[in-house]
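Start at 1 and go down the list; that is how both ligands and their atoms are numbered.
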Amino acid sequence: MPDVTLTTLQGLKQRGEKIVMLTSYDATFAAASCAAGVEVLLVGDSLGNVLQGHDSTLPVSVADMAYHTACVKRGNRGALILADLPFMAYATLGQALDNSATLMRAGAHMVKLEGGAWLCETVQRLAENGIPACVHLGLTPQSVNVFGGYKVQGRDEARAQAMREAALALEQAGAAMLLLECVPSSLAAEITRAAGIPVIGIGAGVDTDGQVLVLHDMLGLNPRPAKFVRNFMRGQSDIPSALAAYTQAVKHAQFPAPEHGFSA
Ligand code: KIV
Ligand code: NA
């Protein structure tokens, strides 16, 4: 398989072929995910939860993200590596540029930021400096204290409209990709249709251009999984088979099922 680039992902969207993304934090799982056909390895700041044992992503540092990005890079076999900018790493333009440079030098091909339309200038400056950006909308876990908990976002019409407008403004500003977490499936479908750039979903229904899950969740290691998680170890005898089952289920739009999504 040739290396996955932004052009590859745009082609997949245009052809209506689903994009398979999965979180990855180390070389061994990165290689196994590539062998299973995962196209985008997300070095997520969810590593604060699943690797470090914190109860949120807020304690994760840029150095933590750079370390795990470098680990994933060594195991990567042709996937696109997307790395999260952690909490407070992009509060100013200067921080966004410096910290993104650190992650790109560690091996990322794209960085992800959580927010909304207020990130337009940041996204534009990153693109001008050679750094593609994915913007994470909806339930953005770095803002859990503002939300007052992990809740579905965009259920009321005013918030839904703000999300639609943010998606288009960010695309206009030069965002390479969008990621929607825990938003009503109908809203995610609408935003995906309206966007010219790939839209990946988690807890956002089957109609986004691709899907992502946290590795540990889809391997059945989370004792209290969210509603949008499927345990892909079920019925499989080993981890490589579970990873392949995930890829196939996403490619054939068999995951997520309606019960994994949220209503408006
Ligand atoms: O950090 C992460 O794993 C993420 C995904 C849940 C999208 O941002
Ligand atoms: Na994240």
Which of the ligand 1 atoms, numbered from 1, are nearer than 4.0 Å to a heavy atom of [X]:
X      : result
Leu179 : 7 (C)
Asp84  : 1 (O), 2 (C), 8 (O)
Gly44  : 1 (O), 2 (C), 3 (O)

Next item on the list: Tell me which N, O or S atom of Asp45 sits nearest to the Na ion (ligand 2).
Entry: OD1
Going by atom types only, do [X] and [Y] share a side-chain donor-acceptor pair under 3.5 Å?
X     : Y     : answer
Asp64 : Ser61 : yes
Gln10 : Gln14 : no
Ser46 : Tyr25 : yes

Item checked: Test item, Glu114 contacting ligand 1 (heavy atom, 4.0 angstrom) -> no
Note to self: With respect to the Na ion (ligand 2), please indicate if Asp84 possesses an N, O or S atom at a distance under 3.0 Å.
What the structure shows: yes
Notebook entry, point to check: Step by step, would you call Val111 with Leu82 a side chain to side chain contact (heavy atoms under 4.5 Å, CB included)?
Noted result: CA-CA 5 Å; Val111 299; Leu82 171 61; 5.5 Å; no
Notebook entry, point to check: Is it the side chain (CB and beyond), the backbone, both or neither of Leu42 that lies under 4.0 Å from ligand 1, heavy atoms counted?
Noted result: side chain
Next item on the list: Check whether any N or O atom of Asp45, backbone or side chain, sits under 3.5 Å from an N or O atom of ligand 1, and answer yes or no.
Entry: yes
